[in-house]
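Taking it in order: structure first as structure tokens, then the write-up.
All residue numbers refer to positions in the sequence shown, counting from 1.
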Amino acid sequence: MAMKVKEVADLVGISVRTLHHYDEIGLLSPKEITESGYRLYSDDNLEVLQQILFFRELGFPLKQIKEIIHSPSFDRQEALELHRTMLLDKRRQLDQMINTIEKTIQHSKGEIQMSQKEKFAGFDFSHNPYEQEARERWGDKAVDDANAKLGKLSKSEQAAMGERMNQIYFKLAALRHSSPQSVEAQAAIKEWFDFLNEMGSYSLDGFKGLGQMYIDDVRFTKNIDNFGEGLALFMRDAMAYYADTHK
């Protein structure tokens, strides 16, 4: 039986706004839209949504997911097996990190001794995906300048900046159910724009592009949505409106 968008959102645990966004970008369109404007999702739609969420969990950006699942060569069974393999690898790393945490707790209590190597088992810093993404979008100079600014700050100054960032996120999260174009939302997003420009140098177009990255890259979406489900999408819309109206 077909399900309405709110029913799907409640079943899956994502926001209605997210489902609307998937429809807008052609990633997942409902089987039917009634004369009253209700989106109705079929069983096949839910299977596709499951695939999308598996890919998102593994860090695939929306643009790439769309290309994969709409490709004529896409094989659902093959994709499921790939998801399983990748998730098992991810679980092995998490299990190793949990083991490291448990040993560290025992070490801090004086129950065991850990070698320096054991203290860092499970961490993988072979690359920084956020930084590489930024370099590809805005160039090395922008990233290097931002890193230089942060490098000049003391630990207490960096902590204070982190606290300010969280305060802005909490403020925006409290507004996320209102219009991104509202006066309150735009005032809060201006704080975000000003804050980012203290760390780096963002043009209005760059600011708008960053907001889009919050949705396209699941790593950003997950981190931002920790402050409130749907916050990343709300910020994307608010940032785009701010950029467009201040040019």
Side-chain angles (χ1 to χ4, degrees), residues 3-30 33 37-39 41 45 49-50 52-53 55-57 59-63 65-66 129-130 133-134 137 160-200 202-247:
M3 299 178 66
K4 294 179 181 178
V5 64
K6 180 66 165 60
E7 294 173 326
V8 174
D10 290 342
L11 172 70
V12 178
I14 59 178
S15 68
V16 170
R17 183 189 285 268
T18 296
L19 288 170
H20 286 176
H21 178 63
Y22 288 175
D23 187 12
E24 289 167 4
I25 64 175
L27 178 60
L28 176 66
S29 297
I33 298 181
Y38 289 109
R39 289 173 166 86
Y41 291 81
N45 286 148
L49 178 57
Q50 185 197 47
I52 292 169
L53 296 180
F55 278 116
R56 292 287 276 164
E57 183 65 30
F60 285 73
L62 291 179
K63 183 178 179 181
I65 297 173
K66 181 181 176 181
Y130 291 103
E133 180 82 13
R137 287 177 178 256
M161 182 163 279
E163 181 59 30
R164 279 182 57 206
M165 180 179 69
N166 287 340
Q167 288 174 0
I168 297 173
Y169 274 135
F170 282 123
K171 182 181 294 186
L172 286 163
L175 296 167
R176 73 187 188 280
H177 297 303
S178 63
S179 169
Q181 301 178 15
S182 70
V183 174
E184 294 81 6
Q186 285 300 294
I189 215 67
K190 181 183 185 302
E191 286 187 48
W192 185 234
F193 180 71
D194 293 341
F195 175 79
L196 290 176
N197 275 291
E198 290 181 29
M199 295 191 295
Y202 286 85
S203 65
L204 290 169
D205 285 337
F207 186 58
K208 183 176 181 178
L210 179 65
Q212 186 61 48
M213 192 197 298
Y214 292 167
I215 296 302
D216 291 342
D217 193 317
V218 68
R219 297 164 298 181
F220 284 95
T221 307
K222 280 186 173 182
N223 286 337
I224 294 171
D225 279 5
N226 282 331
F227 291 88
E229 173 68 32
L231 177 58
L233 188 55
F234 174 81
M235 288 184 69
R236 190 283 307 267
D237 293 343
M239 291 164 76
Y241 184 78
Y242 180 87
D244 290 342
T245 55
H246 285 78
K247 288 183 179 179

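- Rounding to the nearest 0.5 angstrom, the gap separating the CZ atom in Phe234 from the OG atom in Ser15 is 12.5 Å.
- Note: Tyr214 OH to Leu210 CG = 3.5 Å, rounded to the nearest 0.5 Å.
- Looking at every heavy atom in both residues, Phe193 comes nearest to Ser203 through CE1-O, 4.1 Å.
- Exactly one of Ile168, Leu172, Asp225 qualifies for a side chain to side chain contact (heavy atoms under 4.5 Å, CB included) with Met235. That residue is Leu172.
- Here the straight-line distance linking atom CD of Gln181 with atom OG1 of Thr245 works out to 8.5 Å at 0.5 Å rounding.
- Atom CD of residue Gln212 and atom NZ of residue Lys63 lie 10.5 Å apart, to the nearest 0.5 angstrom.
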* Check the pair His21 / Arg236 against side-chain contact (heavy atoms from CB on, under 4.5 Å), numbers first and verdict last. => CA-CA 11 Å; His21 178 63; Arg236 190 283 307 267; 3.2 Å; yes

* Asked: Passes side-chain contact (heavy atoms from CB on, under 4.5 Å), Asp10 versus Lys6? Steps please.
  -> CA-CA 6 Å; Asp10 290 342; Lys6 180 66 165 60; 2.9 Å; yes

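- The minimum heavy-atom distance between Ser29 and Asp23, with the atom names listed, is OG-OD1, 3.0 Å.
- A side chain to side chain contact (heavy atoms under 4.5 Å, CB included) with Phe220 holds for exactly one of Val218, Asp217, Asp216; it is Asp217.
- Minimum interatomic distance between Arg17 and Pro180 (heavy atoms only, all atoms of both residues): NH1-CG, 4.1 Å.
- Here the CZ atom belonging to Arg176 is positioned 12.0 Å from the CG atom belonging to Leu233, to the nearest 0.5 angstrom.
- For Gly211 against Met239, the heavy-atom pair with the smallest separation is N-CE, 3.5 Å.
- Looking at every heavy atom in both residues, Asn197 comes nearest to Tyr202 through OD1-N, 2.6 Å.
- Taking the six-membered ring for Trp and thresholds of 30 and 60 degrees, Trp192 and Tyr169 have ring planes inclined between 30 and 60 degrees apart.
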* To do: Show your working on side-chain contact (heavy atoms from CB on, under 4.5 Å) between Arg39 and Leu19 and close with a plain yes or no.
  => CA-CA 10 Å; Arg39 289 173 166 86; Leu19 288 170; over 6 Å; no

* Carefully, step by step, assess Leu49 and Tyr41 under the rule side-chain contact (heavy atoms from CB on, under 4.5 Å). => CA-CA 10 Å; Leu49 178 57; Tyr41 291 81; over 6 Å; no

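- Residues Ile65 and Tyr22 are not in side-chain contact: their nearest non-hydrogen atoms beyond the backbone lie 4.5 Å or more apart.
- Residue Leu62 holds its CG atom at 11.0 Å from CG of Leu28, rounded to the nearest 0.5 Å.
- Closest non-hydrogen pair, Ala232 versus Ile215, comes out as C-CD1, 3.6 Å.
- Taking the six-membered ring where tryptophan is involved, the planes of Phe227 and Phe170 are perpendicular, since the angle between them exceeds 60° and thus also 30°.
- The number of heavy-atom neighbours closer than 6.0 Å to OH of Tyr38, taken from other residues, nucleotides and ligands shown, is 12 or below.
- A salt bridge does not link Lys171 to Glu184: none of the charged nitrogens lies less than 4.0 Å from a carboxylate oxygen.
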